[in-house]
Visitor: 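One structure is given below, represented as structure tokens, and several questions about it will come after.
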Amino acid sequence: MLHDIDYILVSEKEIELIVSRIAADIDRDYKDSDKKLLLLCILKGSVVFMGDLMKKIRRPVEIDFMKVSSYGSGTSTSGRVSIMLDLYRNDLSDVDIIIVEDIIDSGKTLSYLCEYLKLKGANSVRTCTMLDKPSRRQVDFSADYVGREIPDAFVVGYGLDYDEKYRTLPFVGVLKPEIYTH
Ligand code: IMP
Ligand code: MG
């Protein structure tokens with residue numbers, strides 16, 4: 001597994017600092033809110049980031065999960081988002097949602113989900129992403145909390161996969177191009 005990695009882009013130490021900073025920002029921003037705060041993890045890629053982030057937030061939070069598919073295969077996404085696991089609750093007008101995502105590429109997944117959750121009646125919807133590739137955007141979208149901007153390279157680890165592999169690596173690494181170009 002390690003020999004498929006070209007180089008480490010975000011180390012374990014840097015990830016820890018990023019997660020602490022975002023958790024502190026969230027605690028600060030929702031200090032005076034009397035609504036419930038829901039961390040909404042987008043499966044599967046965000047599960048590692050979500051696990052770390054929720055432990056560092058001091059205020060009470062609830063957690064839930066959605067699974068979406070952008071009908072992509074390999075290293076590209078089609079941008080057509082379909083919901084594989086939905087969020088079911090009837091008190092969304094009392095809930096501030098923070099969508100927790102692993103990475104923003106075209107921006108289509110998160111811009112779709114934001115609209116979807118607002119239409120469902122959430123009190124507010126914000127977005128949090130570990131990684132951001134702004135140079136890849138196809139729709140005008142920016143997240144409220146961003147761990148780190150990265151260049152246009154295909155990355156794996158810390159939850160991110162290529163063909164369901166590499167999710168368990170504790171760092172974010174750039175995959176050797178020969179792994180996906182054959
Ligand atoms: P978007 O809708 O194009 O922003 O796609 C975001 C999704 O594409 C992420 O949740 C990932 O599942 C996937 N993705 C985008 N870039 C990468 C990458 O470099 N490595 C692994 N998955 C990626
Ligand atoms: Mg993926």
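Both counts, for ligands and for their atoms, begin at 1 and track the order of listing. Numbers here are sequence positions counted from 1.
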Visitor: Hey, which atoms in ligand 1 end up nearer than 4.0 Å to a heavy atom of Gly107?
Guide: 1 (P), 3 (O), 4 (O)

Visitor: By number and element, which atoms of ligand 1 are closer than 4.0 Å to a non-hydrogen atom of Asp161?
Guide: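 Per the distance check, 21 (C).
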
Visitor: Side chain, backbone, both or neither: which part of Lys133 has a heavy atom under 4.0 Å from ligand 1?
Guide: side chain

Visitor: Could you tell me how the ring of Tyr162 sits relative to the ring of Phe154: parallel (under 30°), tilted (30 to 60°) or perpendicular (over 60°)?
Guide: perpendicular

Visitor: With no hydrogens and no angle check, do the side chains of Asp52 and Tyr158 hold a donor and an acceptor under 3.5 Å apart?
Guide: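 Yes, Tyr158 and Asp52 have a side-chain donor paired with an acceptor closer than 3.5 Å.
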
Visitor: Can you confirm whether more than 12 heavy atoms, excluding those of Asp152, are under 6.0 Å from its CG atom?
Guide: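 Atom CG in Asp152 is crowded, with more than 12 foreign heavy atoms closer than 6.0 Å.
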
Visitor: Using a 4.0 Å cutoff against the non-hydrogen atoms of Ser106, which atoms of ligand 1 qualify?
Guide: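 Taking each heavy atom of Ser106 in turn, ligand 1 has 1 (P), 2 (O), 3 (O), 4 (O) under 4.0 Å.
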
Visitor: Run the contact test for Ala153 against ligand 1 with a 4.0 Å cut-off on heavy atoms, strictly below, and give the result.
Guide: yes

Visitor: Under 4.0 Å between a side-chain nitrogen and a carboxylate oxygen: does that hold for Asp102 and Arg167?
Guide: no

Visitor: Knowing that exactly one of Thr129, Asp29, Thr127 qualifies, which makes a side chain to side chain donor-acceptor pair (under 3.5 Å) with Tyr145?
Guide: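 Among Thr129, Asp29, Thr127, the one that satisfies the side chain to side chain donor-acceptor pair (under 3.5 Å) with Tyr145 is Asp29.
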
Visitor: Looking only at heavy atoms, is any part of Glu101 under 4.0 Å from ligand 1, and if so is it the side chain, the backbone, or both, or is it neither?
Guide: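 For Glu101, the contact with ligand 1 is made by the side chain alone.
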
Visitor: Looking only at non-hydrogen atoms, which of Val81, Leu131, Ile103 approaches atom 9 (C) of ligand 1 most closely?
Guide: Ile103

Visitor: Pairs of nitrogen or oxygen atoms closer than 3.5 Å, one from Leu160 and one from ligand 1: do any exist?
Guide: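 N/O-N/O distance below 3.5 Å does not exist for this pair.
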
Visitor: Are Lys35 and Asp96 ion-paired here, with the side-chain N under 4.0 Å from a carboxylate O?
Guide: no

Visitor: Between Asp4 and Lys176, is the closest basic N to carboxylate O distance under 4.0 Å?
Guide: no

Visitor: N/O of Ile104 under 3.5 Å from N/O of ligand 1, yes or no?
Guide: no

Visitor: Hey, is Gly45 one of the residues with a heavy atom under 4.0 angstrom from ligand 1?
Guide: no

